[in-house]
Q: 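Provided herewith is a single structure, encoded as structure tokens, for subsequent inquiry.
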Amino acid sequence: MRVLVTGGAGFIGSHIVAELIARGHEPVVFDLAQDGRDVRDPDAVAQALEGVRAVCHQAARVGLGKDFGDAPGYVSANDLGTAVLLAEMARARVPKLLLAGSMVVYGEGRYECPVHGAVRPGPRDEADLKAGRYEPRCPLCGAELAPGLVAEDAPMDPRNVYATTKLAQEHLASSWARATGGQVVSLRYHNVYGPGMPRDTPYAGVAALFRSSLARGEAPRVFEDGGQRRDFVHVRDVAAANAVALEALSGAHAAGGPAGFTAYNVGSGDPRTVGDMAEALAVACGGPAPVVTGEYRLGDVRHITADSARLRDELGWRPAVPFGAGMAELAAGAHTEPCSESGESGEPGGGILVSWPRSAG
């Protein structure tokens, strides 16, 4: 099948292209960094859609910017770009869309209070962070909470501009599906890492920053107490999830494919802490042990981990790269130069990297 991959030269997009080729598909790369083609340009998009039966939309401006003044740029790149793409898909009668979604649409993860059951804590207070009290408390009684896995039906709670644009992309895609009879799958990526990850860029996630520190012979600097829970998923597993979802849309492995709009979490199912990741990379690199700094960033979420059972059960996807092996590969490999808007480059740490650090001292 001929598939347009926007952001196809980016970190995740390039792995998707390789996976599609390996499965006998014909990917067409559309990438601002590679050939200057922008999804906000209707003529360029219309030309790229010729002969295409499905679109894998990875192109986006990622990260969280410096301040709210960056909001127009994010909305333009992510939401206007998606709207232009969808309008041209409607004109060209391209019926299937695979969207790079994100777990940042959830905000904080799932929590259980021993008294009140499932609750949704609000943003953490700076006074608590400054005092080293990092765990969210029950908003009703103040009790300690137990973190759990977030399913696709969890309430949406985007807490920054980037997250808001990712949710808006889903709403646009859902509207397009209703208006045209098209089919959409949004894959909500968790913390993606692996070969080709851009180096020293906030939106590449802390894995890249830790790896770069170790390459310089420096200890990774871990914020808060290192206990933040995330789901680190290897980029090859993410690429495989895209291919499986695309084939489901095409009806190759599911009669007719999912109808309308469907969202799937894409995570390893093996939650780890940020401290775990820093330690694993330090051991694999033979570098200095991580340093827990107690620094924090306002707006960071404490825990966000995926329940990917729907993707496993409905489409048969299984992650194949274990955490330890993936971190060893990351430690041994090289990073690319920092990327821009060519494609998704790993989620921004699930809120690990939101603003300039503040000291707890």
Side-chain angles (χ1 to χ4, degrees), residues 1-31 39 45 48-49 51-60 62 78 81-86 88-90 92-103 105 152 166-178 180-190 192 233 235-254 256-267 308 310-312 314-317 342-344 347:
M1 178 169 50
R2 186 175 173 88
V3 183
L4 179 65
V5 183
T6 71
F11 167 44
I12 297 175
S14 60
H15 284 272
I16 292 172
V17 168
E19 181 72 15
L20 292 178
I21 292 172
R23 290 172 177 251
H25 298 290
E26 182 186 354
V28 177
V29 174
F30 185 104
D31 195 285
V39 289
V45 172
L49 287 170
V52 163
R53 295 304 301 155
V55 174
C56 183
H57 185 31
Q58 306 295 310
V62 294
N78 296 353
T82 299
V84 170
L85 173 65
L86 292 170
E88 294 305 318
M89 288 177 65
R93 300 183 183 276
V94 177
K96 303 178 189 300
L97 174 68
L98 192 58
L99 178 67
S102 172
M103 81 327 193
V105 299
E152 291 87 350
K166 297 306 290 182
L167 182 56
Q169 284 183 316
E170 290 196 349
H171 288 319
L172 286 165
S174 182
S175 296
W176 169 84
R178 287 193 298 271
T180 66
Q183 296 174 307
V184 180
V185 164
S186 178
L187 296 177
R188 292 173 180 164
Y189 302 155
H190 280 245
V192 186
V233 59
V235 67
R236 287 197 298 273
D237 288 332
V238 171
N242 275 268
V244 166
L246 177 69
E247 290 168 354
L249 281 176
S250 70
H253 297 304
F261 177 93
T262 308
Y264 294 101
N265 288 331
V266 184
S308 299
R310 176 186 289 180
L311 183 59
R312 295 194 303 269
E314 294 186 8
L315 302 187
W317 171 83
S342 64
E344 293 286 353
E347 292 312 324

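Every heavy atom of this structure was used, including side-chain atoms; hydrogens, water molecules and symmetry mates were not.
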Q: Which atoms form the tightest heavy-atom contact between Ala9 and Val29, and what is the distance?
A: N-CG1, 3.9 Å

Q: Is there a side-chain contact between Lys166 and Arg188 in this structure, where contact means two heavy atoms from C-beta onward sitting under 4.5 Å apart?
A: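 No, their side chains stay 4.5 Å or more apart.
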
Q: Check whether Thr6 reaches the backbone of Ala59 with its side chain - one donor and one acceptor, N or O, closer than 3.5 Å.
A: yes

Q: Start with the C-alpha gap between Trp176 and Leu85, add the side-chain angles, then the distance that decides, and say whether side chain to side chain contact (heavy atoms under 4.5 Å, CB included) holds.
A: CA-CA 10 Å; Trp176 169 84; Leu85 173 65; over 6 Å; no

Q: Run Gln183 and Lys96 through side chain to side chain contact (heavy atoms under 4.5 Å, CB included) and show every step you take.
A: CA-CA 5 Å; Gln183 296 174 307; Lys96 303 178 189 300; 2.5 Å; yes

Q: Locate the shortest heavy-atom distance separating Ala239 from His15; write the atom from each residue and the value.
A: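 What the structure gives for the nearest pair is CB-O, 3.6 Å.
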
Q: Which heavy-atom pair separates Ala48 from Phe30 by the least distance, and what is that distance?
A: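 Scanning both residues, the minimum pair turns out to be CB-CD1, 3.4 Å.
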
Q: What pair of heavy atoms forms the shortest contact from Ala245 to Leu98, and how long is it?
A: CB-CD1, 3.6 Å

Q: So, the side chain of Ser174 versus the backbone of His171: is there a donor-acceptor pair under 3.5 Å, distance only?
A: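 No.
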
Q: Taking all atoms of both residues into account, what is the closest heavy-atom pair of Val184 and Leu249, and its distance?
A: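 Closest heavy-atom pair between Val184 and Leu249: N-CD2, 4.4 Å.
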
Q: Would you find a donor on one side and an acceptor on the other, under 3.5 Å apart, between the side chain of Glu152 and the backbone of Asn265?
A: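 Between the backbone of Asn265 and the side chain of Glu152 there is a qualifying donor-acceptor contact (under 3.5 Å).
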
Q: What's the verdict on side chain to side chain contact (heavy atoms under 4.5 Å, CB included) for His57 and Leu97, showing C-alpha distance, side-chain angles and the deciding distance?
A: CA-CA 7 Å; His57 185 31; Leu97 174 68; 3.9 Å; yes

Q: What are the two closest non-hydrogen atoms of Val266 and Ala241, and how far apart are they?
A: CG1-CB, 4.1 Å

Q: Taking only residues two or more places apart in sequence, or in another chain, which ones meet Arg93 in a salt bridge (charged side-chain N to carboxylate O under 4.0 Å, His left out)?
A: none

